[in-house]
Amino acid sequence: CPLTPEMERTARARGFVRAPWRKCPQSMRVPLGSKIAVLCPGPSLRQSWGGAGYATVIAVNSAALRVPSVPWVVSWDKAPAESFASRASVGVLSQRRILARMQVGSLAAVDESIIPDELRHVAAQFSKLGGIVLAAWLGASQVDVYGDDMIGAGSNGSSDPSRWGREKACGEIVAKCLREFHGVTVARVLSVPR
């Protein structure tokens with residue numbers, strides 16, 4: 001769990017200080033107050049994604065195939081990262097060990113070190129959560145997550161229902177931490193009003 005303000009005060013009183021969140025280079029930051037979309041590969045993506053009004057767009061795994069162009073691609077798994085990185089126009093977020101073996105050309109290669117310490121143990125488990133943290137790192141004040149249906153098999157082929165339960169629980173921790181400590185709102189968009 002992330003540290004509560006009370007836990008943080010206690011830690012400071014005892015001389016422990018949390019490492020600061022690694023800052024995004026100014027050249028990659030979105031304007032203050034921007035919204036960023038994170039696209040997941042769920043079936044609702046087709047109906048819900050409109051493509052307008054966002055400072056940038058982040059595609060998770062095979063969601064990169066479902067939109068015409070995407071600035072960022074995120075995958076914690078080797079095969080999707082290698083398969084979909086070429087769809088990105090700005091950068092790729094993946095594990096350091098995967099990025100070390102990939103040809104990313106002129107793309108920005110961003111690794112798990114961007115995840116704040118208080119979220120490292122949860123956000124590095126699921127690519128979607130890495131995408132949400134990437135959006136916050138880029139400077140979003142709001143992150144809208146599309147296609148996050150949490151059904152079917154994940155990118156690693158797992159269709160175990162408990163997998164989606166774990167991802168949901170970790171997602172709630174990430175959203176709460178980003179809201180409370182970094183002022184970022186995360187919203188799930190599964191459909192759009194007609």
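All values below were derived from every heavy atom in this structure, side-chain atoms included, with hydrogens, water molecules and symmetry-related copies excluded. All figures in this text were calculated on a predicted structure; none of them were measured in a lab. Numbers for residues simply follow the sequence, beginning at 1.
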| field | Those residues that, when tested against Lys78, pass side-chain hydrogen bond (donor to acceptor under 3.5 Å, both in side chains) (two or more places apart) | value | Glu82

| task | Please answer: with hydrophobic residues joined when any side-chain heavy atoms are less than 4.5 Å apart, are Ile114 and Ile132 in the same cluster? | result | yes

| Does the ring centre of Tyr54 sit less than 6.0 Å away from the ring centre of Trp49? | yes

| query | Going from CZ on Phe84 to CG on Leu65, what distance comes out if it is rounded to the nearest 0.5 angstrom? | reply | 4.5 Å

| remark: CD of Glu172 to CG of Leu129, rounded to nearest 0.5 Å, is 10.5 Å

| note | Output for pair (Leu93 CG, Ile98 CD1), nearest 0.5 Å, gives 10.0 Å

| query | Which pairs with one or both residues in residues 122-140 pass salt bridge (Lys or Arg N to Asp or Glu O under 4.0 Å), sequence neighbours excluded? | reply | Lys128-Asp148, Lys128-Glu167

| message | Would you say Asp111 and Ser113 are linked by a side-chain donor-acceptor pair, where the criterion is simply a distance under 3.5 Å? | response | yes

| Got a sec: does the CZ of Arg46 have more than 12 other heavy atoms crowding it under 6.0 Å? | no

| Backbone N/O of Ser75 and side chain of Ser94: donor-acceptor pair under 3.5 Å | yes

| request: Report yes if the side chains of Leu138 and Trp72 come closer than 4.5 Å at any heavy-atom pair, otherwise no. | output: yes

| task | Please examine the side chains of Pro116 and His182, heavy atoms only from C-beta on, and report whether any two atoms are closer than 4.5 Å. | result | yes

| task | Side-chain contact test, heavy atoms from C-beta onward, threshold under 4.5 Å: evaluate it for Val92 versus Val110 and give yes or no. | result | no

| Is there a donor-acceptor contact under 3.5 Å from the side chain of Arg87 to the main chain of Ala64? | yes

| task | Indicate whether any N or O donor in one side chain lies under 3.5 Å from an N or O acceptor in the other, for Ser62 and Arg66. | result | no

| request: Using a 4.5 Å cut-off on heavy atoms from C-beta on, say whether the side chain of Glu112 contacts that of Arg97. | output: no

